[in-house]
Amino acid sequence: AVVSTQSGHYGRVGDITVQLRERTWCIFSNADNKESVTGKGVVGQEPVLAPGQCFQYSSLVSLRSSAGHMWGTYLFEREDRKFINVSIPPFLLVSKVNEPQV
């Protein structure tokens, strides 16, 4: 497996506080392998975001080739207990396997 870094950054626009509850990712490697991952929050956290706040994180993805792409959704819970699905458009994944270790 090839490991690629995936960074996430999302910010709040709007006038209500939300909490990230779940994420779903579709990961596609250039070796024609597609996998889905669903779980609570991101990187072990379920951050609460007030209007104007943002949250940034980094994580790793295993690929079966040197490149691929992924896309998905975040599920947020509003203060009134209603849920909002937010689509994450596709973005490129490129292996860091040949980069020097820091």
Side-chain angles (χ1 to χ4, degrees):
V2 176
V3 177
S4 178
T5 302
Q6 174 242 329
S7 295
H9 178 105
Y10 49 91
R12 283 284 301 120
V13 270
D15 57 358
I16 59 171
T17 297
V18 297
Q19 183 170 15
L20 177 63
R21 292 299 188 181
E22 185 176 279
R23 53 58 175 104
T24 299
W25 291 114
C26 293
I27 305 163
F28 183 81
S29 74
N30 287 352
D32 288 334
N33 182 51
K34 182 179 172 186
E35 97 179 76
S36 293
V37 177
T38 299
K40 292 180 74 169
V42 290
V43 294
Q45 300 180 52
E46 292 183 55
V48 174
L49 298 172
Q53 285 187 313
C54 63
F55 180 79
Q56 187 170 353
Y57 70 94
S58 294
S59 63
L60 300 176
V61 175
S62 290
L63 296 175
R64 295 181 189 256
S65 66
S66 61
H69 57 277
M70 63 189 282
W71 64 94
T73 59
Y74 290 135
L75 179 66
F76 288 96
E77 184 176 3
R78 300 174 2 168
E79 294 173 305
D80 61 5
R81 304 285 186 226
K82 293 182 180 178
F83 290 89
I84 304 168
N85 267 310
V86 177
S87 295
I88 310 301
F91 57 92
L92 185 62
L93 297 170
V94 179
S95 171
K96 301 224 177 212
V97 77
N98 293 326
E99 290 185 13
Q101 298 296 314
V102 187

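Not measured: the values here are computed from a predicted model. Hydrogens, waters and symmetry mates are skipped; everything else that's a heavy atom, side chains included, is used.
F91 and F28 are assigned to two separate hydrophobic clusters, defined by single-linkage of ILVMFWY side chains at heavy-atom distances under 4.5 Å. Residues F55 and V86 are members of one and the same hydrophobic cluster, defined by side-chain heavy-atom contacts under 4.5 angstrom among Ile, Leu, Val, Met, Phe, Trp and Tyr.
Using a 4.5 Å heavy-atom cutoff, the side chains of L20 and V18 are not in contact. Counting heavy atoms from C-beta on, the side chains of C26 and K34 come closer than 4.5 Å. Within the 4.5 Å cutoff, the side chain of I88 has no heavy atoms near those of the T73 side chain.
Rounded to the nearest 0.5 angstrom, I27 CD1 and L93 CG are separated by 7.5 Å. Taking CG from L49 and CZ from F76, the interatomic distance works out to 6.0 Å, rounded to the nearest 0.5 Å. One distance of note links CG of L63 with CG of N33; it measures 9.0 Å at 0.5 Å rounding. W25 CH2 to S59 OG: the interatomic distance, rounded to the nearest 0.5 Å, is 8.0 Å. Between the CD atom of E79 and the OG1 atom of T17 there is a distance of 4.0 Å, given to the nearest 0.5 Å. Note: N85 CG to E22 CD = 8.5 Å, rounded to the nearest 0.5 Å.
Checked by atom type and distance alone, the side chain of R23 pairs as donor or acceptor with a backbone atom of G39 at under 3.5 Å. A donor-acceptor pair is defined here as one N or O able to donate and one able to accept, closer than 3.5 Å; no such pair exists between the side chain of Q45 and the backbone of V42.
Between P89 and S87 the shortest heavy-atom distance is CD-O, 3.7 Å.
For the pair E77 and R21, the salt-bridge criterion is met [side-chain N within less than 4.0 Å of a carboxylate O].
The aromatic rings of Y74 and Y57 stand perpendicular to each other, their planes meeting at an angle above 60°, with 30° marking the opposite boundary.
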